[in-house]
2 protein chains.
Amino acid sequence: MQAEPDHLPIGRFAKAAGIGVEAVRFYQRKGLLGEPERPPGGIRRYGQADVARVRFIKAAQRLGFSLDDVAQLLTLEDGTHCSEAAEFATRHLADVRARLRDLKRMEAALSQLLAHCDSQHGSVACPLIASLHGAR
Amino acid sequence: MQAEPDHLPIGRFAKAAGIGVEAVRFYQRKGLLGEPERPPGGIRRYGQADVARVRFIKAAQRLGFSLDDVAQLLTLEDGTHCSEAAEFATRHLADVRARLRDLKRMEAALSQLLAHCDSQHGSVACPLIASLHGAR
DNA sequence: CTTGACTCCGTACTTGACTACGGAATTACC
DNA sequence: GGTAATTCCGTAGTCAAGTACGGAGTCAAG
């Protein structure tokens with residue numbers, strides 16, 4: 001049958017999303033990803049929206065969010081009632097901003113290291129620990 | 001004996017750093033943290049520099065770095081020869097910048113959600129997935 | 001100088017996030 | 001329409017990052 005971009009069987013879907021077939025099923029069990037309807041005596045098909053969803057999951061994970069965090073973020077995406085959404089979003093936003101602060105400090109420390117390194121050779125230390133001082 | 005800030009026994013040290021005693025030993029086994037000398041028939045003592053080091057480890061983890069990544073970052077802190085340092089630092093810097101980009105997008109999406117949410121009640125969706133589109 | 005808390009060190013268990021396996025059903029290709 | 005590749009689904013194993021346990025040695029308060 002058609003393997004067009006919005007009727008991908010699980011194997012192609014997983015490849016398109018950059019994960020394994022087993023990981024797809026794992027995310028479905030965790031509730032991060034829906035199981036498309038299975039036509040009687042047929043197989044499930046996946047679309048581009050599913051691919052984007054998985055890419056988001058992987059991106060958020062790289063930013064240090066657990067799958068439980070990602071699940072909450074996805075409920076925001078999916079549209080919850082405003083009052084609950086605001087609560088989650090506020091908390092996650094504070095979290096995101098704290099991470100941003102630390103990452104910026106880290107970027108500064110690393111790029112200063114490189115600047116030093118370029119200009120003179122020998123050995124240099126990088127005050128990474130000090131740069132995040134006051135972090136929590 | 002003295003329990004002054006630079007002669008902490010492992011229990012106080014762990015508490016000061018916000019982790020458990022077992023985690024301290026675990027980081028030592030991983031090489032993230034040195035084992036202070038043990039005076040013959042005595043116990044090891046830890047100082048503020050160790051506390052700061054552990055705090056850095058935890059902060060970096062929250063930013064999505066694995067302990068192996070953190071180990072590399074710490075070699076920069078500890079001061080390596082410039083040529084190797086530059087290589088690591090360049091790679092990590094690119095990584096940090098990619099994360100920064102994604103986090104900024106996420107921050108924008110979340111704060112927009114809140115802005116919408118404040119101004120009108122009912123249900124709102126948050127285009128988080130779309131906000132990271134083009135992420136890797 | 002004893003007693004209770006703490007340290008040391010090795011091994012084993014737990015949790016989160018997958019990854020692998022295997023047998024029955026479905027699909028795709030010639 | 002047969003057969004090789006996929007899918008399905010359940011169970012089990014793996015790896016990272018800890019956490020817990022336990023017995024022998026050390027410290028510190030009375």
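By convention in this document, chain letters (A, B, ...) are assigned in the order of the sequence lines, proteins followed by strands, and residues within each chain are numbered from 1.
Between B:F13 atom CZ and C:dC8 atom P the separation is 12 Å, expressed in whole Å. Between B:H7 atom NE2 and D:dA28 atom P there is a gap of 13 Å when expressed in whole angstrom units.
Expressed to the nearest 0.5 Å, how far CD of A:Q48 lies from CG of A:L8 amounts to 6.0 Å. To the nearest 0.5 Å, atoms CZ (B:R55) and CG (B:D50) are separated by 12.0 Å. Between B:R97 atom CZ and B:D95 atom CG the span is 11.5 Å, to the nearest 0.5 Å.
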What does nucleotides 16-23 of chain C look like as a protein-contact string, B for base, S for sugar-phosphate only, - for none, at under 4.0 angstrom between heavy atoms?
-BBBBB--
Between protein and nucleotides 5-7 of chain D, what N or O pairs are separated by less than 3.5 Å?
unit_1, atom_1, unit_2, atom_2, d
D:dT7, OP1, A:G11, N, 2.9
D:dT7, OP2, A:G11, N, 3.4

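The phosphate of D:dT26 has neither OP1 nor OP2 within less than 4.0 Å of any side-chain N or O from B:R38.
Under the salt bridge (Lys or Arg N to Asp or Glu O under 4.0 Å) rule, A:E35 has a single partner from A:R44, A:R25, A:K30, which is A:R44.
Checked for salt-bridge contact, A:R53 and A:D78 meet the test: a charged N lies under 4.0 Å from a carboxylate O.
For D:dG30, the paired nucleotide is C:dC1, the pair qualifying as Watson-Crick or G-U wobble because both relevant distances are below 3.5 Å.
Aromatic ring orientation, A:F65 versus A:H92: perpendicular (interplanar angle above 60°, classes split at 30° and 60°).
Checking side-chain atoms of B:E77 against main-chain N and O of A:L128 turns up a donor-acceptor pair under 3.5 Å. A distance-only check finds a donor-acceptor pair linking the side chain of A:R99 to the backbone of A:L63 [under 3.5 Å].
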